[in-house]
Amino acid sequence: MSRNGEADREAVLSPAVLFDVDGTLVDSNYLHVHAWQRAFAEVGIDVEAWRIHRCIGMDGSRLVKSLSGNASEDQRKRLKDLHSRYYKEAAPLLRPLPGARTLLQRVADLGFKVVLATSAPEDELSLLREVLDSEDLIAAVTSDEDVDTAKPKPDIIEVALRRAEVSAEHAVFVGDAVWDAEACVRAGVTSIGLLSGGVSRDELKTAGAAAIFENAGELAEHLAATPIAHLVTKLTS
């Protein structure tokens, strides 16, 4: 086989681990809840915080539609704009979740591509990447500009697979929301759930997560016993 042929084969077969970011790698979910709560209050819509949290991780437009009832299109647009403003105000509180950088490093050390498979807006994603401070480990990134509708639809995962140049069977997704797991089921990608986003173990399992850990740090500690390690077997089979 020619050197080009070998390179093409490696590009196709090199496994990838796709990561959600909010609530998975960066401790941001409850900042989103607070920002949405302020936005709804300013528009005059009373929404309990726990209901907002239950929607974190799904497509932003779907979240607004689910929680705003009969609000007009202008009100829904204002809600999204206000959320963005209040979230950015809280950005100094953003922190990497325990073990996030370690997990990315260990995945990269295995020779796997590290992909940020998120539908966060570009401005929010920029904040998250700055907090994560792991640019040297990241092979590919997605954002809300890549799809019309995000999770639980599988579109963003399919874009991430194309960016990483891997098939679904040579990838594993790590996320914190039921929407992540449901999207992975639809995309045919094995998923690992983390409790760091505030969703229960049973809910993640029911949604389709193949394994569940407390946070990125616990996942990093037990990497050899997870579907991520099984990608090595798929690579050589």
Side-chain angles (χ1 to χ4, degrees), residues 19-71 75-100 116-132 142-144 147 149-153 156 173-183 191 193-207 209 212-217:
F19 291 93
D20 176 59
V21 183
D22 282 304
T24 299
L25 298 175
V26 178
D27 197 1
S28 57
N29 279 10
Y30 292 94
L31 298 183
H32 278 297
V33 171
H34 185 58
W36 280 118
Q37 191 174 34
R38 290 183 67 185
F40 280 112
E42 187 160 330
V43 172
I45 299 175
D46 186 23
V47 182
E48 297 160 277
W50 72 270
R51 295 187 186 277
I52 298 172
H53 179 260
R54 299 292 297 176
C55 293
I56 295 298
M58 69 163 56
D59 177 76
S61 295
R62 181 173 174 179
L63 179 151
V64 169
K65 186 175 181 180
S66 297
L67 298 174
S68 63
N70 296 320
Q75 284 179 307
R76 291 177 182 177
K77 182 181 185 303
R78 187 171 178 228
L79 281 167
K80 293 178 74 172
D81 290 342
L82 287 169
H83 163 265
S84 181
R85 183 210 302 176
Y86 293 138
Y87 177 72
K88 289 174 185 175
E89 288 180 5
L93 298 174
L94 290 168
R95 296 289 185 275
L97 281 157
L116 302 185
T118 174
S119 58
E122 286 285 352
D123 54 350
E124 293 181 14
L125 180 57
S126 178
L127 294 172
L128 296 170
R129 293 175 73 168
E130 183 177 350
V131 169
L132 197 53
T142 67
S143 74
D144 70 335
V147 293
T149 305
K151 304 161 193 169
K153 289 194 173 182
I156 202 71
F173 185 96
V174 181
D176 67 292
V178 294
W179 321 113
D180 297 324
E182 289 178 2
S191 71
L194 302 183
L195 302 178
S196 49
V199 178
S200 73
R201 186 179 299 273
D202 285 346
E203 287 174 298
L204 292 171
K205 182 177 180 180
T206 299
I212 301 166
F213 296 88
E214 182 174 307
N215 54 30

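Since this is a predicted model, take the numbers as computed values, not measurements. In what follows, residues are counted from 1 in the order of the sequence shown.
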### Summary
Between D144 and S119 the two heavy atoms that sit nearest each other are CB-O, 3.1 Å
### Message
Within the 4.5 Å heavy-atom criterion, are L25 and L116 side-chain neighbours or not?
### Response
yes
### Task
Could you tell me whether D59 and K153 have a side-chain N and a carboxylate O separated by less than 4.0 Å?
no
### Message
Whether the S61 and K80 side chains hold a donor-acceptor pair (N or O, under 3.5 Å, no angle test) is what I'd like checked.
### Response
yes
### ring-ring contact (aromatic ring centres under 6.0 Å, His included) between H83 and F40, intermediate numbers included
CA-CA 9 Å; H83 163 265; F40 280 112; 9.4 Å; no
#### Entry: Heavy-atom pair of closest approach, residues L195 and V199
CD2-O, 3.4 Å
### Contact check, side chains of P152 and R62, non-hydrogen atoms, under 4.5 Å
yes
### Side-chain donor-acceptor pair present, N29, D22, cut-off under 3.5 Å
no
#### Entry: W36 and its side chain to side chain contact (heavy atoms under 4.5 Å, CB included) partner, picked from L67, V47, I56
I56
### Task
Flag the pair T118 / I156 as yes when at least one side-chain heavy-atom distance between them is below 4.5 Å, and no otherwise.
no
### Task
I would like to know whether S191 and D180 meet side-chain contact (heavy atoms from CB on, under 4.5 Å); could you show each step before the answer?
CA-CA 8 Å; S191 71; D180 297 324; over 6 Å; no
### Message
Looking at K77 and D81, is there a salt bridge between them, counting it only when a charged N and a carboxylate O are closer than 4.0 Å?
### Response
yes
### Query
Does some side-chain heavy atom of L79 sit less than 4.5 Å from a side-chain heavy atom of I45?
yes
### Task
Determine, step by step, whether H34 and R38 satisfy the side-chain contact (heavy atoms from CB on, under 4.5 Å) criterion, reporting the C-alpha distance in whole Å, the side-chain angles of both residues, the deciding distance to 0.1 Å, and the verdict.
CA-CA 6 Å; H34 185 58; R38 290 183 67 185; 3.6 Å; yes
### Query
Would you call E122 and R129 a salt bridge, taking side-chain N to carboxylate O under 4.0 Å as the test?
no
### Message
Between S196 and D176, do the side chains contain a donor N or O and an acceptor N or O under 3.5 Å apart?
### Response
no
### Salt-bridge contact R54-E203 (side-chain N to carboxylate O under 4.0 Å)
yes
### Message
Do R78 and Q75 make a side-chain contact, defined as non-hydrogen atoms from C-beta onward lying under 4.5 Å apart?
### Response
no
### Aromatic contact, H32 with Y87 (centres under 6.0 Å)
yes
### Message
I want to check something: taking the side chain as every heavy atom from C-beta on, are E214 and L194 in contact at a cut-off of under 4.5 Å?
### Response
no
### Query
Do V26 and P96 come close enough that some side-chain heavy atom pair is under 4.5 Å?
no
